[in-house]
Amino acid sequence: MAIYIEVAEAPDCAIADASLAYGILVDADRDPATGFKKRAVKNLGIDARLSATCDPVTEMLVSPLGPVQVDPTLRDTTLIEISTTVDMLPSVNFYWIAYATENGEMVRAPDNKDHRWWAVTEIITP
C-alpha cells in the first residue's frame, strides 16, 4: 500500500530546511475529543503523523514508514509516494487530512477542506 501526496512542485531537499515534511495527520480512534488539537484541524483529534521529511545527509525525502518516491512527471504537480504496510499504521480505520510543514510551521493542504476516511476492507469469498 502507499500514501500519495500531491504537491505543486518537487521538494528540493538539498536546500530545504530539515523541518520540511509532507504527510497526513491521523485521528486513529476517530474521536475529536482525544489526541492533539490543532486550530486548523478543528474536527479531528490528531493521534499520529505519517510523513516524509527531508534528510540533510542524503538530500532526499525519507520516512520511517518505508521507501519514498517523488514523481515530478504529473501535469503541473508532483506526486510523493510513501510505500508502507498496514502494520505500520496506527489503526486500520481512521480519519486523515494532508498537511505540510516548512520552517516549523504546519499547514493544511489548500484544497483539503475536510478530513477523509480510510479503512481496511475484508473481502470474504466462498
Side-chain angles (χ1 to χ4, degrees):
M1 74 164 284
I3 297 168
Y4 296 97
I5 302 159
E6 193 172 325
V7 296
E9 61 185 38
D12 186 351
C13 290
I15 61 170
D17 182 286
S19 70
L20 179 67
Y22 299 96
I24 61 174
L25 301 174
V26 174
D27 186 347
D29 58 7
R30 297 179 298 141
D31 184 352
T34 64
F36 175 73
K37 296 306 236 177
K38 180 85 174 150
R39 188 174 45 205
V41 191
K42 296 176 188 170
N43 53 346
L44 297 179
I46 305 305
D47 302 306
R49 179 175 26 183
L50 309 178
S51 63
T53 58
C54 276
D55 179 359
V57 175
T58 63
E59 298 180 348
M60 298 175 67
L61 285 173
V62 296
S63 176
L65 299 170
V68 179
Q69 298 294 321
V70 178
D71 182 359
T73 60
L74 296 175
R75 191 170 156 212
D76 300 326
T77 62
T78 296
L79 194 64
I80 298 171
E81 176 185 338
I82 305 170
S83 297
T84 192
T85 56
V86 172
D87 63 320
M88 296 295 290
L89 301 176
S91 171
V92 294
N93 188 355
F94 57 82
Y95 295 141
W96 64 273
I97 192 160
Y99 81 97
T101 300
E102 189 170 10
N103 299 321
E105 184 68 28
M106 184 180 297
V107 294
R108 286 175 57 174
D111 62 340
N112 235 344
K113 302 294 183 218
D114 201 2
H115 65 273
R116 305 282 195 259
W117 173 65
W118 185 91
V120 172
T121 304
E122 181 178 15
I123 299 174
I124 301 171
T125 58

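Basis for what follows: all heavy atoms, side chains included, without hydrogens, waters or symmetry-related copies.
Atom CZ of Arg30 sits in a crowded spot, with more than 12 heavy atoms from other residues, nucleotides or ligands closer than 6.0 Å.
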Inset, instruction - Quick one: do Ser51 and Ile24 satisfy side chain to side chain contact (heavy atoms under 4.5 Å, CB included)? Show the steps, please. - result: CA-CA 6 Å; Ser51 63; Ile24 61 174; over 6 Å; no

Inset, instruction - Show your working on side chain to side chain contact (heavy atoms under 4.5 Å, CB included) between Glu81 and Asp71 and close with a plain yes or no. - result: CA-CA 8 Å; Glu81 176 185 338; Asp71 182 359; over 6 Å; no

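Applying the side-chain contact (heavy atoms from CB on, under 4.5 Å) test to Ala28 and every residue at least two apart in sequence or in another chain returns Val26, Asp47, Pro90, Ser91. Val120 meets the side-chain contact (heavy atoms from CB on, under 4.5 Å) test with Val86, Val92, Trp118; sequence neighbours excluded. Every residue meeting the side-chain contact (heavy atoms from CB on, under 4.5 Å) condition with Ser63, not counting sequence neighbours, appears here in chain and number order: Ala52, Leu65, Val68, Ile82. Taking the side-chain hydrogen bond (donor to acceptor under 3.5 Å, both in side chains) definition, one finds that Asp29 meets it with Thr34, sequence neighbours left out.
For residues 63-100, the set of pairs meeting the disulfide (SG to SG under 2.5 Å) definition, not counting sequence neighbours, is empty.
Heavy atoms only, all atoms of each residue included: Pro56 and Cys54 are closest at CD-O, 3.5 Å.
Between the side chain of Asp55 and the backbone N or O of Met60 there is no donor-acceptor pair closer than 3.5 Å. Side-chain atoms of Ser83 never come within 3.5 Å of backbone atoms of Ala2 as a donor-acceptor pair (strictly under, hydrogens ignored).
Remark: of the listed residues Leu44, Leu25, Ile46, Ile46 is the sole one forming a side-chain contact (heavy atoms from CB on, under 4.5 Å) with Phe36.
For the atom pair CD (Glu102) and OH (Tyr22), the distance works out to 6.5 Å, reported to the nearest 0.5 Å. Here the straight-line distance linking atom CZ of Arg116 with atom CH2 of Trp96 works out to 6.0 Å at 0.5 Å rounding.
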Please tabulate, one pair per line, all N/O donor-acceptor pairs under 3.5 Å involving side-chain atoms of residues 5-13, not counting sequence neighbours.
residue : atom : partner : partner atom : Å
Glu6    : OE2  : Thr77   : OG1          : 3.2
Asp12   : OD1  : Ala14   : N            : 3.1

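Hydrophobic clustering (ILVMFWY, side-chain heavy atoms < 4.5 Å, transitive): Val62 and Leu89 are in distinct clusters.
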